[in-house]
Structure formats: structure tokens, C-alpha cells
Q: 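Okay, handing you the structure first.
Lettering of chains follows the sequences in order, A, B, ..., and the numbering in each one begins at 1. What you see below is based on every heavy atom in this structure, not just the backbone, and it leaves out hydrogens, waters and symmetry mates. Small disclaimer: the values here were computed from a predicted structure and weren't measured.
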There are 2 protein chains.
Amino acid sequence: MENHAQPVSQVIANQIEQMVLDGALKPAQKIPSERQLSNRLGVSRTIVREALHALQGRGVIKTRHGQGSFVARIVPEPEDESPLMQLFFSHSRTLFDLYEVREQLEGQAAYLTAQRGTEEDFYRITQAFEAMERADPLANAELDHAFHKAIVEASHNAVLVHILASLKKLLLHSVHASVANLSHRPQVRQQIDKHHRQIYHAIINRQAQWAQKAAAAHVRHVCESIREIEKQERHIIREAITDTAAG
Amino acid sequence: MENHAQPVSQVIANQIEQMVLDGALKPAQKIPSERQLSNRLGVSRTIVREALHALQGRGVIKTRHGQGSFVARIVPEPEDESPLMQLFFSHSRTLFDLYEVREQLEGQAAYLTAQRGTEEDFYRITQAFEAMERADPLANAELDHAFHKAIVEASHNAVLVHILASLKKLLLHSVHASVANLSHRPQVRQQIDKHHRQIYHAIINRQAQWAQKAAAAHVRHVCESIREIEKQERHIIREAITDTAAG
DNA sequence: TCCCGAAAACTGGTAGGACCAGTGATCGAT
DNA sequence: ATCGATCACTGGTCCTACCAGTTTTCGGGA
């Protein structure tokens with residue numbers, strides 16, 4: 001006995017929206033193509049498209065021609081090289097502000113994960129962690145991201161997941177934060193690895209307080225390292241200029 | 001030379017929404033049928049339907065099978081905040097996730113303010129605090145708002161200010177009723193006032209850790225009070241229903 | 001004449017096929 | 001190994017047909 005009280009397209013839209021709210025669909029994640037959904041759900045592509053348009057109207061998803069549909073970000077799309085972004089990051093001050101906020105939220109994510117993470121969550125985190133440990137030498141930034149992402153997503157707080165995803169995207173867009181630079185400095189890299197191990201073990205041992213502190217300390221350390229590097233660069237530039245002036 | 005930068009369905013949706021905002025289409029007014037629009041606009045009915053679904057998602061129109069589509073929204077609504085954020089606020093399940101994040105951020109704001117607040121900042125905070133204390137009886141939500149705002153802005157972290165401003169703005173719109181209710185419960189109100197005093201004194205004495213804990217505890221308390229009220233309301237409703245059934 | 005009920009003429013909802021238009025990966029030639 | 005064309009994806013648009021509600025119409029019976 002199918003209740004045709006509301007159209008199928010609305011049912012589908014609500015279902016998908018619920019999945020986003022529950023965190024089953026992560027921010028910026030690609031959702032199946034219209035034709036795939038059409039097949040799996042046993043409805044026409046027309047209906048799927050109408051559902052997706054409704055979600056688009058609600059701001060839940062973002063559709064790009066030729067690419068697919070993606071879960072929307074909680075902060076409005078940065079718009080490539082928008083003047084706002086330029087302004088935002090022209091002052092490295094706001095970059096550090098971002099890091100300050102991130103420090104707090106990463107800490108909380110670690111705390112919550114240590115508290116409520118399931119065995120499945122821990123399995124995923126362990127995999128990410130071990131992959132990172134194995135590939136240590138070149139220190140792929142991807143793996144670093146994956147590790148933190150696994151932790152955040154295990155916090156079971158959809159809002160936290162969305163906000164941190166947005167923050168990270170903002171940080172990536174910033175020209176300053178070339179994390180690549182960090183990895184090339186041995187002592188910094190070593191400290192980062194140590195932090196990662198601390199965070200990991202605190203979480204799987206469900207030591208929430210510890211996990212929080214370790215995660216916060218980690219972000220703070222990264223931020224301060226960047227600050228340090230910037231200072232050094234400024235110094236080098238100044239020296240170069242004075243050299244030129246002297247010569 | 002039509003730029004196909006954005007899909008036709010979106011163009012149509014925006015056009016119709018604009019007409020509603022301009023007042024060309026009045027609330028509850030019936031808009032032309034899909035087939036009529038299809039003919040007049042020179043596009044397929046499919047496209048018209050997709051546009052209408054988008055508008056439906058935005059809450060601009062309401063469609064009834066066999067009757068047509070009607071303008072729904074009376075309030076133009078600026079829509080300046082992240083739509084996804086609004087969604088998180090509208091579902092009570094994720095509302096608590098939101099509070100969890102806010103707890104952390106308010107805590108950090110208090111911490112930073114206690115640490116780096118200037119005398120001017122403290123003056124503003126003091127004014128807000130004393131105004132709130134004086135006007136205690138009716139417990140105006142505005143003053144509460146102003147007090148927290150003063151603290152956050154004194155944190156000297158632009159990102160934090162921005163995020164918390166967005167959160168609070170949405171909070172005012174969503175659980176406005178609940179907040180009003182909170183003030184009317186003596187013991188809750190008393191606890192809130194106590195928290196405010198703790199936060200205030202910790203900040204002006206530059207006890208950052210304390211300020212952080214007090215602010216976080218404050219938000220957590222508010223959140224749990226709302227949770228409690230919701231539970232009570234559910235209980236009342238259930239009783240009413242069983243009463244009806246019994247009668 | 002008036003009233004009722006069936007039919008017709010609307011309304012939106014669903015289906016499936018065909019094709020266009022971007023995007024990205026694949027693979028072949030250089 | 002590099003570059004470029006091709007191909008297999010993605011969403012965007014159109015069409016045609018049909019189903020399912022709602023309203024109007026209109027004809028036959030009282």
C-alpha cells in the first residue's frame with residue numbers, strides 16, 4: 001500500500017536531505033549520477049532530476065554540468081579568486097584567526113570521537129593512520145588530510161564535519177599555508193608525526209581529554225610553524241633587499 | 001547571443017522568484033499552469049517543472065496536484081545566511097550538534113577575550129553586563145545577546161566573530177520561542193544569571209581558563225534546558241493525545 | 001426549472017527515449 | 001614522456017505519451 005500522499009520526487013529529496021543532515025553524506029561529497037539514482041531507486045530520471053532541483057533550491061546540493069551533483073558546503077562557495085577571498089587572505093592575520101578556530105574545533109572533534117566513536121570509526125581511523133605512518137618519508141599531504149578527516153567524521157556531529165570541511169577548504173585556498181613547506185623541515189615534521197601518534201592513541205584508548213589536548217596542540221603547532229616560516233621569509237627578503245641596496 | 005552560463009530552469013526560477021519579491025505575484029496567487037508557462041516561455045514543460053521544483057525547495061511556491069502552483073511565502077526573507085546552516089537549525093536533531101559547536105566557540109571567545117581584551121573592550125563588556133543586571137526582571141533577550149556579542153568581538157578574532165554572529169542570528173530566528181521560555185523558568189534564569197556573572201568576572205580578572213569553562217558551561221546549560229523543555233512538551237502533547245483517545 | 005451526475009477539460013505526476021553540451025580519462029601518435 | 005583526439009561519462013533540454021487528481025461543463029432526469 002504505497003502512500004501517494006506526496007510526490008515521489010519529494011520523498012527522494014527528503015531522504016537525501018536527511019542523509020546529509022545525518023552525516024551519511026559528507027560535505028562536498030559527490031552523490032551518484034542521475035542515471036545511477038534512476039536505476040537504483042527504480043524511478044525515471046525525470047523524477048530524480050526534479051528531486052535534485054528541489055534540493056538545489058534548498059541549498060543542500062550543488063550541481064555542475066558534466067561533473068555531477070555534490071553536497072553543498074556550509075559556507076557559501078568561495079568563488080574562485082573572488083575579491084572577498086583576496087581581501088580575506090591578504091592579511092595573514094585572518095589566516096591565524098582561522099587556525100585558532102580550527103584548533104578549538106579539531107580538539108573537540110578528537111574529544112567527541114574518543115567518546116562516541118564506534119569500532120567501525122576506529123577501524124577507518126586506524127587505516128588512515130597506518131597508511132600515513134607507512135608513507136612517512138615523502139609525507140603526502142593527502143594522507144594527513146585523510147587522517148584528520150576520518151577523526152572529524154567519527155565525531156558524529158554533522159555540523160562539526162561541515163564547518164571543519166569548509167575551514168580546511170579556506171585554508172587550502174590560502175597561498176600562505178603551503179603545508180608542503182612544513183613537511184620539508186625535519187624537526188617540524190617529526191613533531192607533527194609525534195602529535196599524530198598522540199592523537200591516534202588517545203582516541204583509540206578513549207582518552208577524550210587527552211585526545212582533545214593533543215589535537216589542539218597539533219593545530220597550534222602547525223599554525224605557529226607557519227608563522228615562524230613567514231617570519232623567516234620576511235627576514236630573508238629584508239636581507240636580500242638590504243644587500244641589493246648595499247651593493 | 002544567450003549565455004548558457006546557467007541552466008534555463010534556474011533562470012526561470014530566479015525570474016519567478018524576483019516577480020514574487022517585486023510583488024508582481026501576490027501570496028496565494030495562482031501562477032500559470034506548467035503547460036501555459038511552457039508555451040509562453042518557449043521551453044519544454046520539463047524545464048518549467050524543474051524550475052518550479054527549485055522554487056518549491058526554496059519555499060517560494062506550493063504545488064497541489066490537480067490544482068496548480070501558488071505563491072507561498074509572505075516574507076521575502078533576505079537569505080543572506082548559508083542555506084545549509086539554516087537546515088541544520090531547523091532540525092532539532094542537528095540543532096544540538098550546532099549547540100555543541102557553539103559551546104566550544106563561545107568558550108574560546110571568552111578565553112581569548114580574557115587573554116587579549118583591551119581596557120576599551122572590557123569597558124564595553126562591563127556596560128553590557130551592568131545593563132543586563134539592572135534589567136534583570138524581564139530578562140530582555142536583547143541584552144543577553146549584546147553581552148555575548150561584546151565578549152565575542154573582544155576576542156579580536158575576525159573568523160570567530162563572523163561564525164558566532166551567523167550562529168546567533170539563526171538561533172534568534174529558529175528557537176526564539178524556546179529562548180523566551182527559558183527566561184520564564186526561575187531556576188533556569190537564575191542559573192543563567194549566575195553563569196553570566198562567572199563569565200564576566202573571569203574575563204575582567206583575565207582568568208582565561210575560567211572564562212572558557214564558564215562560557216562553555218553556560219551554552220551547554222542553555223542547550224540542555226532546551227532539550228529538557230522539548231521533552232516536557234512532547235510529554236504534554238502525548239498526554240493530550242491519550243486524553244483525547246480516552247475521552 | 002432545477003439538480004444531480006457523468007463526462008470532458010483542465011491541473012500536476014511519472015515514464016522513457018532521444019539528443020545536446022560540458023568534463024575528464026583513455027589511448028594512440030608523435 | 002607529451003600532446004592531442006577520442007570516447008565515456010556527467011548534467012541539460014526536448015518530446016511524447018500516459019496516469020492521477022480537480023474543476024468545469026453539460027445533458028438528462030426529477
Side-chain angles (χ1 to χ4, degrees), chain A residues 1-17 20 25-73 77 79-81 142, chain B residues 1-17 19-20 25-73:
Chain A
M1 168 96 193
E2 314 282 340
N3 267 351
H4 281 244
Q6 57 178 348
V8 181
S9 66
Q10 279 186 31
V11 176
I12 294 176
N14 289 335
Q15 206 80 20
I16 294 178
E17 176 180 312
V20 173
L25 292 174
K26 316 291 182 193
Q29 178 176 347
K30 183 175 185 299
I31 69 181
S33 74
E34 294 171 354
R35 289 171 177 87
Q36 280 181 35
L37 284 175
S38 167
N39 282 334
R40 290 196 209 165
L41 299 176
V43 300
S44 71
R45 190 179 154 217
T46 310
I47 298 306
V48 172
R49 281 182 61 76
E50 288 176 359
L52 293 184
H53 275 84
L55 290 174
Q56 230 173 323
R58 295 185 215 171
V60 177
I61 67 171
K62 196 105 180 167
T63 298
R64 283 191 287 271
H65 189 170
Q67 301 184 31
S69 292
F70 306 81
V71 178
R73 295 182 182 279
E77 284 298 317
E79 295 294 338
D80 316 321
E81 308 302 329
E142 298 285 330
Chain B
M1 187 182 94
E2 310 285 337
N3 269 351
H4 278 20
Q6 57 178 348
V8 181
S9 65
Q10 278 185 30
V11 176
I12 294 177
N14 290 336
Q15 206 83 20
I16 294 178
E17 182 174 22
M19 289 176 72
V20 173
L25 293 174
K26 309 288 184 192
Q29 179 177 347
K30 182 175 183 299
I31 69 180
S33 74
E34 295 170 356
R35 289 171 176 88
Q36 281 180 33
L37 283 175
S38 168
N39 282 335
R40 290 194 210 166
L41 298 175
V43 299
S44 73
R45 191 181 153 214
T46 309
I47 298 305
V48 173
R49 282 181 60 77
E50 288 178 355
L52 293 184
H53 275 85
L55 290 174
Q56 228 172 324
R58 292 185 217 172
V60 178
I61 67 171
K62 203 93 181 170
T63 298
R64 281 190 287 272
H65 189 171
Q67 302 184 31
S69 294
F70 306 82
V71 179
R73 203 175 55 206

Q: To the nearest angstrom, how far is L41(B) atom CG from dG12(D) atom P?
A: 18 Å
Q: On DNA chain C, compare the nucleotides closest to V43(A) and L52(B); which residue's is nearer the 5' end?
A: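 First, find each residue's nearest nucleotide; the 5'-ward one identifies L52(B).
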Q: Mind running side chain to side chain contact (heavy atoms under 4.5 Å, CB included) on V60(A) and V71(A) for me, showing each step along the way?
A: CA-CA 6 Å; V60(A) 177; V71(A) 178; 5.5 Å; no
Q: In whole angstrom, what separates H65(B)'s NE2 from dG12(C)'s C1'?
A: 5 Å
Q: Can you check the R35(B) CZ to dC14(D) P distance for me, whole Å?
A: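 My rounded result for the distance is 16 Å.
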Q: It should be established whether R49(B) places a side-chain nitrogen or oxygen under 4.0 Å from OP1 or OP2 of nucleotide dG13(C).
A: yes
Q: Taking V43(A)'s backbone N and O only, do any of them form a donor-acceptor pair with S38(A)'s side chain (distance below 3.5 Å, no angle check)?
A: yes
Q: Nearest heavy atom decides the nucleotide; on that basis, is S69(B) or G66(A) closer to the 5' end of DNA chain C?
A: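 Looking at the nearest nucleotide for each, S69(B) comes out on the 5' side.
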Q: Under a 3.5 Å distance rule, please check whether Q29(B) uses its side chain to pair with a backbone N or O of K26(B) as donor and acceptor.
A: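 Yes; at least one donor-acceptor contact below 3.5 Å.
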Q: Roughly, in whole Å, what's the span from CD in E34(A) to C1' in dA8(D)?
A: 16 Å
Q: If I take atom CZ in residue F70(A) and atom P in nucleotide dT23(C), what distance separates them, rounded to the nearest angstrom?
A: 12 Å
Q: When the distance from NE2 of H53(B) to P of dG11(D) is rounded to whole Å, what number comes out?
A: 17 Å
Q: Any N or O donor-acceptor pair linking the side chain of T46(B) to the base of dC15(D) at under 3.5 Å?
A: yes
Q: When you measure from the side-chain N and O atoms of S33(A) to the phosphate of dT10(D), is any distance below 4.0 Å, counting only OP1 and OP2?
A: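 Affirmative; the distance criterion is met.
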Q: Under 4.0 Å between any heavy atoms, over every strand shown, what does Q36(A) touch: base, sugar-phosphate, or nothing? Just pick one.
A: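 Answer is sugar-phosphate: Q36(A) comes under 4.0 Å of backbone atoms only.
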Q: Should the side chain of R45(B) and the base of dG13(C) be counted as holding a donor-acceptor pair, with the cut-off at 3.5 Å?
A: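 Result: at least one qualifying N/O pair found.
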Q: For L55(B) and E17(B), which heavy atoms make the closest approach, and how far apart are they?
A: CD2-CB, 4.0 Å
Q: Please give, in whole Å, the distance from dG12(C) P to I47(A) CD1?
A: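 Rounded to whole Å, this separation is 14 Å.
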Q: Atom CD of E50(B) to atom P of dT13(D): distance rounded to whole Å?
A: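 Interatomic distance, CD of E50(B) to P of dT13(D): 7 Å.
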Q: Ignoring hydrogens and geometry, is there a side-chain-to-backbone donor-acceptor pair from E50(A) to I47(A) under 3.5 Å?
A: no
